[in-house]
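A short write-up of the structure that comes next.
Here the structure is a predicted model, which means the values were calculated and not measured. Below, chain A is the first sequence line, B the second, and so on; all start at residue 1. These values consider heavy atoms only, across backbone and side chains, with no hydrogens, waters or symmetry-generated copies.
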There are 2 protein chains.
Amino acid sequence: MSRSNPRVLSTLERAGGFASAQEVYKLMQREGEKIGLTTVYRSLQSLVNDKIVDLLRREDGEAIYRLCGEHHHHHLVCKSCGETVEIEGGAIEKWAKSMAEEHGFRDVGHTAEIFGICSKC
Amino acid sequence: MSRSNPRVLSTLERAGGFASAQEVYKLMQREGEKIGLTTVYRSLQSLVNDKIVDLLRREDGEAIYRLCGEHHHHHLVCKSCGETVEIEGGAIEKWAKSMAEEHGFRDVGHTAEIFGICSKC
DNA sequence: ATGGAAATGAAAATCATTTTCATTTCTGCT
DNA sequence: AGCAGAAATGAAAATGATTTTCATTTCCAT
Ligand SMILES: [Zn+2]
Ligand SMILES: [Zn+2]
Ligand SMILES: [Zn+2]
Ligand SMILES: [Zn+2]
């Protein structure tokens, strides 16, 4: 396992904490950083392992990486500008738990995201 | 736009209503059906457009297609065998709506899935 | 039957991601 | 400083799903 190259994390931050590997790579190129695409991929993977960033998927399946607080939470995302608000999911947590119990499922997790258009857009 | 080849839908049903394009294709091959991979892709896309199947993503980003009732609902999925239960999301609907309002978002939608291990597994 | 539209599928193209592997950089030790 | 092994790096090739191209076939209405 390789450690994350700190410039990758820093670039992801600069990108608004929300970008694909290809985007991070292109951004670093434009800014004159000398780095290989492979290292960008490896660093982002490593950040995901360390739970420093979330890995999710665009509609087309491309992986996007998002900087992320440490506790369990959900997101409210602007479909237009990408602005992301971390929100608490109290109601979801209970819903997931009760639904799982009702149907006899164990070891349950869940995903929940809200997306729309933010007030600025 | 092309119409969906009915044998594709029928195969997806036979697969348990849950498969990737590649899997549907391989299954049809094994069963001696004469069909091209391109047609399988086109048919599945068309079924998604018509909202007859859901399109979601495996962890690795591969698209999987799932037969699906017609009204808005959520899913409880077994990570082991893939068994899927359609569930109502009353609590989620309210949560999503209130969170969105609270942060000034409009045109909001949401996704929510619960996954765990079913009682059989 | 006939002409145009829709469907089909083989092959090539695309594109994100992973793998390979040789080279470079780092680290601890003498 | 000098050296050895470990870790990091990145260019190029490989992979694999999905899309595009395009020529051919099937349908359908007249
Ligand atoms: Zn916005
Ligand atoms: Zn939650
Ligand atoms: Zn199961
Ligand atoms: Zn809902």
Nucleotide dG9(C), atom P - distance to CD of E33(B) in whole Å: 11 Å
Rounded to the nearest angstrom, tell me the gap between atom CD1 in I35(A) and atom P in dT25(C). 15 Å
State plainly whether one hydrophobic cluster holds both I35(A) and V24(A), where clusters connect Ile, Leu, Val, Met, Phe, Trp and Tyr through side-chain heavy atoms under 4.5 angstrom apart. yes
Atom CZ of R57(B) and atom P of dA16(C) are separated, to the nearest Å, by 13 Å
Distance, rounded to the nearest Å, where Y65(B) contributes OH and dA17(D) contributes P: 12 Å
Do L67(B) and Y41(B) share a hydrophobic cluster, counting only Ile, Leu, Val, Met, Phe, Trp and Tyr and linking them when any side-chain heavy atoms are less than 4.5 Å apart? yes
Provide a list of protein-nucleic acid N or O atom pairs under 3.5 angstrom, restricted to nucleotides 3-5 of chain C.
none

Inspect the surroundings of CD in E59(A) and state if more than 12 heavy atoms from other residues, nucleotides or ligands are less than 6.0 Å away. no
Shared hydrophobic cluster for V108(A) and M99(A) (ILVMFWY, side-chain gaps under 4.5 Å): yes
Strand contacts (DNA chain C) in residues 37-47 of chain B, 4.0 angstrom heavy-atom criterion: T38(B), T39(B), R42(B)
How many whole angstroms separate atom CD of E59(A) from atom P of dT19(D)? 13 Å
Mutual orientation of the aromatic rings belonging to W95(A) and H74(B) [parallel < 30°, tilted 30-60°, perpendicular > 60°]: perpendicular
Round to the nearest Å and state the distance from K34(B) atom NZ to dT24(D) atom C1'. 13 Å
Going by atom types only, do T11(A) and R7(A) share a side-chain donor-acceptor pair under 3.5 Å? no
Whole-Å distance separating the CZ atom of R3(A) from the C1' atom of dT27(C): 12 Å
Value in whole Å for how far the P atom of dA16(C) lies from CD of E62(A): 6 Å
Test log, rule side chain to side chain contact (heavy atoms under 4.5 Å, CB included), inputs D54(B) and Y65(B): CA-CA 6 Å; D54(B) 273 353; Y65(B) 301 88; over 6 Å; no
Would you list the pairs meeting salt bridge (charged side-chain N to carboxylate O under 4.0 Å, His left out) in which at least one residue belongs to residues 95-109 of chain A, sequence neighbours left out? none
N5(A) side chain N/O closer than 4.0 Å to the phosphate oxygens (OP1, OP2) of dA8(D)? no
Would you give the length of the straight line joining atom CD of Q29(B) to atom CG of L37(B), rounded to the nearest 0.5 angstrom? 8.5 Å
